[in-house]
Amino acid sequence: MSNPMRSFEELRAALLAAAMPVRGVVDVPTAEALGRVLAADRVSGLDVPPLDNSQMDGYAVNTADVAVAGTRLTVAQRIPAGSVGHTLARGTAARIFTGAPVPHGADAIVMQELCSADGDSVTIDHVPRPGEWIRRAGDDIAQGETVLAAGMRLNPQMLGLAASVGCATLPVFRRLRVALFSTGDELVMPGEPLPPGAIYNSNRYVLRGLLEALGCEVSDFGIVPDDLDATRAALRSAAAGNDLIVTSGGVSVGEEDHIKPAVQAEGRLDLWLVSMKPGKPVAFGHVGGADGNSGAAFIGLPGNPVSSFVTFILLVRPFVLRAMGVADCLPRSIPLTAGFDWAKPDRRREFLRARIGADGRVVLFPNQGPSVLTSTVWADGLVNVPPGRSIAAGEQVEFIPYSELLS
């Protein structure tokens, strides 16, 4: 099998092309749909607001009755929000409150600050224009309008919009089922003694947290020993009932790296190696299924903590979102001014841990090593450096904020 080094863009495009949206739609209460992916368009069955209503506390009037400031009118009715008044008689005003329907016969609202009330009458100290402070029916949403499109990942605002048109439930795709495990005899779990040469397994916590933040159902298979048979057995177990397998470690070509031959033995390995830093060894394929293409998709990430984190948020996250049914799954970047010099260009595309300084310029974490996990906490985004590019302070760089990568 020939697997040449692929550019970052090529590998990401290949992953997205291979991401098969989950099948299965469930109706969930709108209040419980946060983070889920909408499976069908939602069309409004009503106008929002349903009636012309007042934008202010004040008085509803017919502008023909208020030709000059100082006009005195009888207050014939009181209309709080949630009630409907009767037709406004000429020469009268209606006391009205924010959100209340405008009565027939009225064509303007005069805010209460421009009026002087006296018993059952009011003096209007302002000449209103027709339509003043009236919010028209359908001003926000028109009946028959698509308010939410399939493929949207629902946020709180979208839930509010769905509720505003009366959606008590929403059709969403079922959650993506993801199996997760780490490989490496050097790994131990926090709380266990740390023998010489061992390290605590941080990747398990980072990757599980990232997957759960995306709304996945995660099956955690823990740590798998550096052994081919054990790795194959873990892959078989992980493929059962899951849509995706994500691993960290064991994707290089050393004698103790067994992911590549294990995936080839249990399914099919399609992609291998990406021209990015941190990263490079990233594997994609399928485990299980008679033809090596069905079964569970497989993505193997590097074992270095930063490499694992960066390759996940840049490559795995879009794949997961696309498989969840999300239409817009790529992060957006913003152009910012570099507050640093980068005089050591690499032939690979680099992603530098960085944050925005007080002056609005981007600064780098001093140590960009692939094992320096503290850099991922200190940073609030990544600088995308094209292959072979050096950067001088004052130049424009492409910054991808964590807000685009971690939700």
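Scope of the values below: all heavy atoms of this structure, side chains included, with no hydrogens, waters or symmetry mates. As the structure is a computational prediction, the values presented were derived from the model and not from experiment.
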For this session: In plain terms, say whether Glu395 and Arg389 are close enough for a salt bridge, that is, a side-chain N and a carboxylate O under 4.0 Å apart.
Result: yes
Exercise. Got a donor-acceptor contact below 3.5 angstrom from the Glu404 side chain to the Arg332 backbone?
Worked result: yes
Problem set entry | Trace of the side chain to side chain contact (heavy atoms under 4.5 Å, CB included) decision for Leu382 with Leu314 | CA-CA 10 Å; Leu382 302 173; Leu314 292 174; 4.1 Å; yes
Exercise. For Gly249 and Ile259, which heavy atoms make the closest approach, and how far apart are they?
Worked result: O-CG1, 3.5 Å
For this session: Look at the side chain of Asp41 and the backbone N and O of Ala150, then say whether any donor-acceptor pair between them is shorter than 3.5 Å.
Result: yes
Exercise. Any donor and acceptor pair, going by atom type alone, linking the side chain of Arg317 with main-chain N or O of Ser407 inside 3.5 Å?
Worked result: yes
Exercise. Okay, side chain of Ser237, backbone of Ala234: is any donor-acceptor separation there less than 3.5 Å?
Worked result: no
Exercise. Do Pro318 and Leu15 have side chains that get closer than 4.5 Å, going by heavy atoms?
Worked result: no
For this session: Decide side chain to side chain contact (heavy atoms under 4.5 Å, CB included) for Ser375 and Val306; before the verdict, give the C-alpha distance in whole Å, the side-chain angles of both, and the deciding distance to 0.1 Å.
Result: CA-CA 8 Å; Ser375 65; Val306 174; 4.0 Å; yes
For this session: Write down the atom of Pro401, the atom of Phe399, and the distance for their closest heavy-atom approach.
Result: CD-O, 3.4 Å
Exercise. Around Arg23, counting heavy atoms of other residues, nucleotides and ligands shown, do more than 12 lie under 6.0 Å from its CZ?
Worked result: no
Exercise. Counting heavy atoms not belonging to Trp342, are there more than 12 under 6.0 Å from its CH2?
Worked result: yes
Exercise. With a 4.5 Å limit on heavy-atom distance, are the side chains of His258 and Thr183 in contact?
Worked result: no
Problem set entry | Min side-chain heavy-atom separation Asp270-His286 under 4.5 Å | yes
Exercise. Hey, is the main chain of Pro29 close enough, under 3.5 Å, to the side chain of Glu32 for a donor-acceptor pair?
Worked result: no
For this session: For residues Ser182 and Met189, determine if any side-chain heavy atom of one lies less than 4.5 Å from a side-chain heavy atom of the other.
Result: no
For this session: Apply the test side chain to side chain contact (heavy atoms under 4.5 Å, CB included) to residues Trp378 and Arg353: give CA-CA distance (whole Å), side-chain angles for both, the deciding distance (0.1 Å), then the verdict.
Result: CA-CA 8 Å; Trp378 176 92; Arg353 280 84 73 201; 5.6 Å; no
For this session: For the residue pair Val178 and Leu214, establish whether any side-chain heavy-atom pair is separated by less than 4.5 Å.
Result: no
Exercise. Is a side-chain N or O of Asp107 found less than 3.5 angstrom from the main chain of Thr63, in a donor-acceptor match?
Worked result: yes
Problem set entry | Flag side-chain contact, heavy atom, 4.5 Å: Met276 against Val310 | yes
Exercise. Within the distance-only criterion (no hydrogens, no angle test), does the side chain of Tyr402 pair as donor or acceptor with the backbone N or O of Thr376 below 3.5 angstrom?
Worked result: yes
Exercise. Should we count NE2 of His86 as having more than 12 external heavy atoms under 6.0 Å?
Worked result: yes
Compile the donor-acceptor pairs under 3.5 Å between side chains in residues 206-213 and protein atoms, sequence neighbours left out, one pair per line.
| unit_1 | atom_1 | unit_2 | atom_2 | d |
| --- | --- | --- | --- | --- |
| Arg208 | NE | Glu212 | OE2 | 3.0 |
| Arg208 | NH1 | Asp220 | OD2 | 3.3 |

Enumerate donor-acceptor pairs with a distance under 3.5 Å from any side-chain N or O in residues 155-172 to protein atoms, sequence neighbours excluded.
| unit_1 | atom_1 | unit_2 | atom_2 | d |
| --- | --- | --- | --- | --- |
| Asn155 | OD1 | Gln157 | N | 3.2 |
| Asn155 | OD1 | Met158 | N | 2.8 |
| Ser164 | OG | Leu161 | O | 2.7 |

Seminar exercise, completed: Which of Pro305, Ser308, Ser307, Pro302 passes side chain to side chain contact (heavy atoms under 4.5 Å, CB included) with Pro370? It is Ser307
Exercise. If we ignore angles and hydrogens, is there a donor and acceptor under 3.5 Å between the side chains of Asp65 and Thr71?
Worked result: no
For this session: Let me see the working for Arg174 and Glu217 under salt bridge (charged side-chain N to carboxylate O under 4.0 Å, His left out), right down to the final yes or no.
Result: CA-CA 10 Å; Arg174 70 163 175 82; Glu217 291 182 3; over 6 Å; no
Exercise. With no hydrogens and no angle check, is any side-chain donor or acceptor of Glu186 less than 3.5 Å from a backbone partner on Ala198?
Worked result: no
Problem set entry | Under 3.5 Å: donor-acceptor pair, side chain of Tyr59, backbone of Leu114 | no
Problem set entry | Whether Thr98 side chain and Asp57 backbone form a donor-acceptor pair below 3.5 Å | yes
